[in-house]
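Notes follow once the structure below has been shown.
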There are 4 protein chains.
Amino acid sequence: MQHPANPIPVGILGATGTVGQRFITLLSAHPWFVIHKLGASPRSAGKTYKNAVNWKQSTPIPHAVREIIVQECKAELFAECKVIFSGLDADAAGDVEQAFRAAELAVFSNAKNYRRDPHVPLIVPLVNPSHLSIIPQQQSLCSPPLKKGFIVTNANCSTTGYIIPLAALEKSFGPIEAVLVTTMQAISGAGYPGVASLDILDNIIPHISGEEEKIEWETLKILGGVAEDDQGVKSFDMHSKHPLRVSAACNRVPVIDGHTECVSVRFARRPPPSPQQVREAMVAFTPDATALGCPSSPRHAISVHEEPDRPQPRLDRYYQDGAGVSVGRVRQCPVLDIKFVVLANNVSIGAATSSIINAEVAVLKNVIQVDE
Amino acid sequence: MQHPANPIPVGILGATGTVGQRFITLLSAHPWFVIHKLGASPRSAGKTYKNAVNWKQSTPIPHAVREIIVQECKAELFAECKVIFSGLDADAAGDVEQAFRAAELAVFSNAKNYRRDPHVPLIVPLVNPSHLSIIPQQQSLCSPPLKKGFIVTNANCSTTGYIIPLAALEKSFGPIEAVLVTTMQAISGAGYPGVASLDILDNIIPHISGEEEKIEWETLKILGGVAEDDQGVKSFDMHSKHPLRVSAACNRVPVIDGHTECVSVRFARRPPPSPQQVREAMVAFTPDATALGCPSSPRHAISVHEEPDRPQPRLDRYYQDGAGVSVGRVRQCPVLDIKFVVLANNVSIGAATSSIINAEVAVLKNVIQVDE
Amino acid sequence: MQHPANPIPVGILGATGTVGQRFITLLSAHPWFVIHKLGASPRSAGKTYKNAVNWKQSTPIPHAVREIIVQECKAELFAECKVIFSGLDADAAGDVEQAFRAAELAVFSNAKNYRRDPHVPLIVPLVNPSHLSIIPQQQSLCSPPLKKGFIVTNANCSTTGYIIPLAALEKSFGPIEAVLVTTMQAISGAGYPGVASLDILDNIIPHISGEEEKIEWETLKILGGVAEDDQGVKSFDMHSKHPLRVSAACNRVPVIDGHTECVSVRFARRPPPSPQQVREAMVAFTPDATALGCPSSPRHAISVHEEPDRPQPRLDRYYQDGAGVSVGRVRQCPVLDIKFVVLANNVSIGAATSSIINAEVAVLKNVIQVDE
Amino acid sequence: MQHPANPIPVGILGATGTVGQRFITLLSAHPWFVIHKLGASPRSAGKTYKNAVNWKQSTPIPHAVREIIVQECKAELFAECKVIFSGLDADAAGDVEQAFRAAELAVFSNAKNYRRDPHVPLIVPLVNPSHLSIIPQQQSLCSPPLKKGFIVTNANCSTTGYIIPLAALEKSFGPIEAVLVTTMQAISGAGYPGVASLDILDNIIPHISGEEEKIEWETLKILGGVAEDDQGVKSFDMHSKHPLRVSAACNRVPVIDGHTECVSVRFARRPPPSPQQVREAMVAFTPDATALGCPSSPRHAISVHEEPDRPQPRLDRYYQDGAGVSVGRVRQCPVLDIKFVVLANNVSIGAATSSIINAEVAVLKNVIQVDE
């Protein structure tokens with residue numbers, strides 16, 4: 001559990017896309033990871049990064065990557081990378097990530113393809129890094145069995161935001177029975193070009209394809225534990241000992257970055273905690289990733305606001321460089337028990353930052369051998 | 001229940017404000033009502049309307065009112081008006097509306113001041129115009145008792161939108177036990193200047209002062225009945241026979257007009273209706289005001305969308321000239337029974353249009369004597 | 001120059017696109033034209049219009065067209081149409097419009113393809129309908145020569161807005177020598193999906209591909225006359241007797257509909273007219289199309305505002321149903337002579353409305369034989 | 001011209017306002033200046049800063065100022081401050097700044113009140129810091145004459161942005177004869193609450209009160225020199241040797257931060273420079289403040305973009321932490337000589353950053369004695 005002695009070479013797949021640009025921005029100043037290879041579509045391969053990309057970040061392209069020649073996403077070209085970050089679109093991610101894993105590479109993916117795989121951990125790093133324990137089983141079930149290659153996914157951006165306070169609540173007060181969440185999601189969650197301006201200016205779109213199902217399903221996998229049967233076979237228990245009902249309503253709103261979510265929860269425990277107890281539990285919540293010393297993990301995972309009109313995306317999305325979440329308006333819910341608002345930066349903790357912290361945890365827990 | 005034979009002179013209080021401008025726009029083409037007097041603050045009094053107002057509508061000031069001299073809001077100046085529409089702010093509405101009622105004027109108010117008065121009906125015209133039956137009692141309790149003066153209020157804009165489909169559901173399926181509603185409310189709901197642009201561009205404000213309490217309370221008054229005790233004393237029963245729990249979470253969003261609301265409901269009846277039954281009940285819902293023949297009442301109260309991404313404020317807020325509401329995404333709720341999205345035009349049915357239909361009902365039911 | 005006695009069947013090409021939807025909305029209530037055929041891509045052909053279209057207008061699909069079966073854009077399928085309106089994209093318009101003309105159909109096109117053709121009139125109907133006089137020459141030069149088929153184009157949306165007041169100024173004060181125009185153009189000008197929301201929310205894009213060249217060139221063709229040489233050969237004189245320099249700077253802004261343009265002009269005449277004279281000339285300007293009695297032509301072409309902060313797109317874009325333009329802030333320019341702001345509805349007079357008025361003029365001038 | 005040895009205590013007037021918040025954010029990490037006193041209205045005085053302010057920045061209130069007790073803006077309370085930054089509104093700035101100067105304090109003001117004073121320098125720090133030479137005369141003309149007290153103003157935010165490239169052009173190519181500038185200004189330029197959201201969402205306001213006059217006048221004072229007559233009396237020459245005509249058209253647009261300006265210029269020199277020469281001159285431009293070593297001065301004052309669609313406010317406003325400006329689309333102007341687009345961060349170089357660099361220059365030039 002020591003910090004690595006040497007720079008760790010990493011590769012980024014989908015490097016020219018929205019998530020890829022975010023990986024590059026974040027990793028260009030990372031204390032351990034050094035960008036070594038960039039992968040993108042054949043159309044971009046062979047160009048310098050600065051010529052291949054349609055850069056959309058508000059900080060310039062980091063100097064260290066401007067002249068890197070973009071590669072096709074072929075595993076043999078990334079062999080020296082100890083860590084692969086994948087910002088690939090779902091239509092490409094399935095085959096490419098599998099091929100990279102088969103080539104004994106450690107893949108941390110933001111894509112949805114393997115989230116429901118029963119041997120792939122779905123990790124929100126501030127919540128369930130312990131699910132990395134499934135990796136040996138994932139490796140042994142590959143054919144041929146793998147020694148170093150694996151896939152770890154992070155969650156959908158809208159799941160990530162609200163599940164961090166839920167984890168804090170379950171840690172303090174035991175199982176949650178029901179959650180009703182209404183999201184107001186930023187346009188950046190849809191990538192580029194993503195949402196047409198004619199669809200969202202002066203408008204709300206009360207639907208995001210597949211999003212509600214993702215929240216309702218991913219929540220169970222992430223908050224549930226890893227069960228082990230008599231033969232030592234592990235599986236995700238999907239919160240099955242205390243069934244949890246999740247109802248999500250997802251909306252796209254004219255906000256650039258930052259998903260705002262209105263959450264109501266019902267606890268199993270009677271009487272339920274008071275709003276003040278809930279606030280205190282959230283403030284006190286320290287994720288394992290932070291305790292481990294992950295450099296990208298926020299010092300404070302949850303900022304709890306007392307002001308009645310916070311959190312707001314424009315004011316709070318950069319809290320802890322986008323790695324923490326902001327909660328406000330904790331109050332009683334006349335229908336369930338407690339309701340509150342959560343704001344999470346969908347392009348940071350909701351995407352690239354999660355993958356990066358997941359990789360940091362994997363390094364610190366020696367799931368990845370970096371100093372061999 | 002006949003249409004009036006002669007034009008009905010009406011007065012508008014708060015005529016230069018946001019709601020007042022909307023009253024003027026709507027009434028300038030009304031088949032019965034003729035704008036006769038305009039009232040505003042002493043600052044505006046004595047000026048022509050076109051000089052007094054900072055007009056913010058996308059259609060020009062109607063010719064018929066441009067040269068009307070604005071009056072102070074003194075009842076004696078409005079004596080010939082058969083109907084008074086009040087778009088006054090809450091800080092002025094209390095005293096002024098009471099004085100107008102005392103002067104035997106029929107006041108239809110958009111202000112919140114008398115909504116909780118136990119003798120003032122709070123009417124969403126597509127839902128509970130039957131509450132007009134309390135008016136004789138309201139008149140008899142004034143001192144001195146009144147013959148013609150009364151106050152009728154309409155509901156808060158965010159209550160109005162979602163209560164129309166709730167009424168349709170209760171009509172078809174009996175009592176609702178619980179409702180959880182998350183609103184995404186347009187900036188026009190806050191009046192002018194209202195929300196600062198720095199607060200709402202690229203942002204969400206997850207709080208509107210007093211709004212959640214209004215929704216939670218008004219819903220009970222509107223959906224409840226009028227009870228009568230042994231002495232014939234009437235009171236609003238606040239849905240007391242079948243207690244209804246309402247939980248609201250209100251947000252301001254960068255949308256100009258049109259409140260979008262995500263609603264989950266639990267019915268008393270087991271098993272609950274299916275989504276398809278719910279859709280059919282909403283389509284079939286015909287408000288009393290429409291049946292009565294009110295000219296401003298929408299022919300179809302609720303438009304039910306099959307497309308997965310509707311209703312949207314920019315596309316649907318002008319449905320039935322803003323007098324109808326649009327519902328979409330009717331589906332099962334894993335926590336309560338049914339969830340759906342409703343879109344209502346907050347400046348039309350959510351404000352001025354409601355007052356106008358209320359007055360139309362009052363005319364058709366002879367609560368106002370117009371042809372004497 | 002009489003109004004037509006019978007309904008005139010028309011066809012719309014590109015009927016499912018943004019401009020096509022606008023044609024349908026406008027024509028569904030037209031006093032002369034009746035939508036008879038709808039053409040779109042092979043992908044849409046064979047479907048009912050309501051199933052083929054992704055409708056984005058704020059009024060519903062007109063009932064009369066919902067069940068019309070969409071056709072491929074083949075001229076033989078549109079033979080009975082007296083008028084063809086083309087909302088095709090530039091990549092399809094070139095071949096299709098030529099084929100329709102060759103089939104003796106009268107094509108009024110919103111596409112850019114033939115605007116620079118030396119025999120095709122480029123007509124802003126409130127400015128230069130006299131350019132229809134080139135049509136016999138256009139027909140005679142086709143091979144084989146045509147009797148009834150021709151193409152008329154309307155101008156780019158950003159040209160259309162500012163050229164209407166320029167025409168009013170030249171009519172009153174003689175030639176303009178120089179114009180400098182900076183545009184702030186609505187997103188609807190780019191069609192659908194058009195501008196990505198990530199590119200325009202909280203942003204300005206100071207570039208629209210090809211737009212400045214269009215304005216600078218089209219202005220000369222439209223404001224110039226039709227010259228005739230000794231052999232009676234006609235040509236567009238491109239304002240050549242009084243050379244006019246035009247400099248445009250085009251910007252995309254987060255506005256849905258309505259192009260705002262800041263214009264500075266220098267007149268040939270010394271001394272130049274005063275701001276007040278300019279205002280009066282604009283108010284007095286009556287386009288030929290209005291004088292002719294075209295039903296879609298605005299009664300007042302130019303609304304001149306006295307308020308210092310008008311015109312504004314949200315408040316003024318529906319002036320005369322979008323067929324008129326609004327001017328404000330007429331004042332002296334310290335560098336050229338006079339500066340002002342103009343606002344034009346790019347989807348109305350800037351697109352479909354122009355094509356429709358052009359067709360109305362052609363009917364009234366018997367360029368199209370409708371009652372044969 | 002050495003860096004100061006000790007921390008320099010500074011005071012901020014108008015500390016709770018928009019500009020004041022920006023001063024605090026910038027100064028909390030300043031290498032020389034230490035926030036010592038905060039001044040605001042009597043309403044705020046006596047409260048801790050965190051309780052007095054309605055904080056609207058996207059980074060939290062700096063820890064060092066959260067508990068500072070806000071003072072009234074009385075000079076005797078700020079006596080130990082070597083530098084006073086004023087973010088006061090114009091209605092308060094006149095009297096307060098004069099009183100502070102009279103108390104021998106060095107005032108760097110963002111307010112407009114003294115910009116036209118013939119003895120107060122109006123300094124854009126990347127353009128004309130040499131105008132500090134007027135200060136001894138300013139001091140000698142006060143009654144009683146002052147030793148240390150003075151006022152320096154910075155320019156209006158819309159002037160500041162476009163005058164930096166103009167200064168670069170005059171430095172390389174000699175006098176400019178005419179400039180035509182059309183601005184698209186961010187809402188933050190109007191302070192808080194400033195522009196109502198109903199006025200700017202989906203809209204443009206083609207007018208900002210007094211703004212065009214400020215640009216047209218301030219440009220002459222800033223780009224002109226300091227003349228000295230036979231008696232040694234100094235005055236600002238207002239570019240009088242080479243009269244410069246400036247025409248501005250100002251618009252408010254729905255952008256949060258960053259003023260975009262479309263500029264056309266005509267040079268005195270014939271032939272004028274080519275676009276490529278203009279680009280090179282801008283890239284090469286090194287402001288005196290940077291050469292002097294001011295810590296807040298940008299290393300590169302002007303970033304010249306080659307991409308056709310830049311600069312854009314959302315992507316470029318943080319260039320050099322908002323202290324530099326971005327230019328793009330340098331091309332020939334068919335009416336004047338050269339046109340281009342400039343983007344400047346109105347809350348940074350357009351406001352607080354300018355005051356701070358001005359103070360840094362004053363320290364390095366010993367106009368302020370800091371180490372006594």
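In what follows, chains are A, B, ... by sequence order, proteins preceding strands, each numbered from 1.
- If you check the side chains of Q185(D) and T183(D), you find a donor sitting under 3.5 Å from an acceptor.
- Using non-hydrogen atoms only and a strict 4.5 Å limit, the part of residues 155-179 of chain D facing chain C consists of A178(D), V179(D).
- Looking only at side-chain heavy atoms (C-beta outward), W217(C) and K221(C) come within less than 4.5 Å of each other.
- For H300(C) (side chain) and S303(C) (main-chain N/O), no donor-acceptor pair under 3.5 Å exists by modelled atom type.
- Considering only heavy atoms from C-beta on, I349(D) comes within 4.5 Å of L126(D) through its side chain.
- Here the CZ-CE distance, from R279(D) to M282(D), works out to 9.5 Å after rounding to the nearest 0.5 Å.
- Using a 4.0 Å cut-off between charged nitrogen and carboxylate oxygen, R270(C) and D337(C) count as a salt-bridge pair.
- In this structure, no portion of Q332(D) lies under 4.5 Å from any heavy atom of chain C.
- The main-chain N or O of N345(C) is never found under 3.5 Å from a side-chain atom of S348(C) such that the two would form a donor-acceptor pair.
- L122(D) CG to F236(D) CZ: the interatomic distance, rounded to the nearest 0.5 Å, is 8.0 Å.
- Distance NZ/K214(D) to CZ/R116(D): 9.0 Å, rounded to 0.5 Å.
- One distance of note links CD1 of I215(D) with CG of L220(D); it measures 12.0 Å at 0.5 Å rounding.
- In terms of heavy-atom pairs under 4.5 angstrom with chain C, the leader among P334(D), C333(D), S209(D), A186(D) is P334(D).
- Of residues 247-264 of chain C, those residues lying under 4.5 Å from chain D by any heavy-atom pair are S247(C), A248(C), A249(C), C250(C), N251(C), V253(C), P254(C), V255(C), I256(C), D257(C), T260(C), C262(C), S264(C).
- Using a 4.5 Å cut-off between non-hydrogen atoms, the part of residues 196-206 of chain C that approaches chain D consists of L198(C), D199(C), L201(C), D202(C), N203(C), I204(C), I205(C), P206(C).
- Between atom CE of residue M238(D) and atom CG of residue L244(D) there is a gap of 10.0 Å, rounded to the nearest 0.5 Å.
- In this structure, the side chains of E307(C) and H305(C) come closer than 4.5 Å at one or more pairs of heavy atoms.
- For residues 315-330 of chain C, a heavy-atom distance under 4.5 Å to chain D picks out R317(C), R329(C), given by residue number.
- With rounding to the nearest 0.5 angstrom, the CD atom of E211(D) is 8.5 Å from the CD atom of E218(D).
- No salt bridge links R331(C) with E306(C); every basic N to acidic carboxylate O contact stays at or beyond 4.0 Å.
- When every heavy atom of A190(D) is checked against every heavy atom of V195(D), the shortest pair comes out as CB-CG2, 3.7 Å.
- The two residues Q21(D) and Q57(D) make their nearest non-hydrogen contact at OE1-NE2, 3.3 Å.
- The side-chain heavy atoms of F267(C) and I338(C), taken from C-beta on, include a pair separated by under 4.5 Å.
- For V335(C), the parts sitting under 4.5 Å from any heavy atom of chain D are the backbone and the side chain alike.
- Ranked by heavy-atom pairs under 4.5 Å with chain D, the first of R310(C), R245(C), E216(C) is R245(C).
- More than 12 heavy atoms of other shown residues, nucleotides or ligands fall within 6.0 angstrom of atom NZ in K56(C).
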